[in-house]
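Have a look at the structure below, then the notes.
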Amino acid sequence: MASKFSVDSPAVPPGTTVVGFRAREALSEPFVLEVGLRTHGARIDLDSVIGEAFHLEATRGGLLDSLLSAPHVWNGIIAAMELVHEDGD
């Protein structure tokens with residue numbers, strides 16, 4: 001069963017894809033997401049994205065799953081961003 005992830009934020013360029021994420025949620029605590037993103041040829045100014053809105057949505061892959069189950073959605077702000085790997089030109 002495949003899952004689909006989508007991201008929306010003014011901090012990331014169009015076409016940015018989610019390559020992985022980890023979420024921590026607990027009662028009476030803010031949630032924490034660590035999201036791995038891949039951009040295609042675009043550079044992100046890591047200092048200017050702090051405080052920007054961020055939306056991550058996870059949906060199940062099959063037709064029946066999509067009809068019976070609502071997507072899981074996280075909305076928040078970016079607290080930190082780092083460059084982990086950069087491909088050479």
Side-chain angles (χ1 to χ4, degrees):
M1 174 182 321
S3 294
K4 180 182 174 191
F5 305 99
S6 62
V7 62
D8 182 35
S9 173
V12 297
T16 298
T17 55
V18 177
V19 295
F21 78 97
R22 179 178 11 195
R24 186 178 69 77
E25 297 177 297
L27 292 174
S28 301
E29 292 183 25
F31 65 87
V32 176
L33 290 177
E34 294 178 13
V35 183
L37 302 173
R38 176 178 292 138
T39 61
H40 303 281
R43 297 198 182 269
I44 298 174
D45 180 356
L46 300 177
D47 294 326
S48 70
V49 300
I50 306 305
E52 291 284 351
F54 192 86
H55 171 91
L56 175 68
E57 186 171 305
T59 57
R60 299 301 277 259
L63 176 61
L64 186 58
D65 288 329
S66 65
L67 293 174
L68 298 176
S69 160
H72 197 111
V73 176
W74 294 271
N75 289 295
I77 60 168
I78 297 172
M81 185 175 280
E82 66 179 294
L83 176 64
V84 176
H85 178 75
E86 183 175 21
D87 288 334
D89 289 329

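Sequential numbering from 1 along the given sequence is applied to the chain's residues.
With hydrophobic clusters built from ILVMFWY side chains whose heavy atoms lie under 4.5 angstrom apart, Ile50 shares a cluster with Phe31.
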**OP:** Decide side chain to side chain contact (heavy atoms under 4.5 Å, CB included) for Ile77 and Glu52; before the verdict, give the C-alpha distance in whole Å, the side-chain angles of both, and the deciding distance to 0.1 Å.
**Re:** CA-CA 5 Å; Ile77 60 168; Glu52 291 284 351; over 6 Å; no
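Listed by chain and residue number, nothing satisfies the salt bridge (Lys or Arg N to Asp or Glu O under 4.0 Å) test with Glu25 (two or more places apart in sequence, or in another chain). In this structure His72 satisfies the ring pair (Phe, Tyr, Trp, His ring centres under 6.0 Å) test together with Trp74, sequence neighbours excluded.
Put simply, the side chain of Leu37 does not reach to within 4.5 Å of the side chain of Val19, judged on heavy atoms. Two residues are said to be in side-chain contact when any heavy atoms from C-beta on lie closer than 4.5 Å; Val35 and Phe54 meet this criterion.
Heavy atoms only, all atoms of each residue included: Ala53 and Ser9 are closest at O-OG, 2.5 Å. Scanning all heavy atoms of the two residues, the minimum distance from Leu33 to Ala23 falls at CD2-CB, 3.3 Å.
Here the straight-line distance linking atom OG1 of Thr16 with atom CD1 of Ile44 works out to 5.5 Å at 0.5 Å rounding. Taken to the nearest 0.5 Å, the CZ atom of Phe5 stands 12.0 Å off from the OG1 atom of Thr17. Interatomic distance, CG of Leu46 versus CD1 of Ile78, reported as 10.0 Å (0.5 Å rounding). We find the NZ-CD distance between Lys4 and Glu57 to be 8.5 Å, quoted to the nearest 0.5 Å.
Listed by first then second residue, pairs satisfying side-chain hydrogen bond (donor to acceptor under 3.5 Å, both in side chains) with a partner in residues 31-40 read Arg22-Glu34, not counting sequence neighbours.
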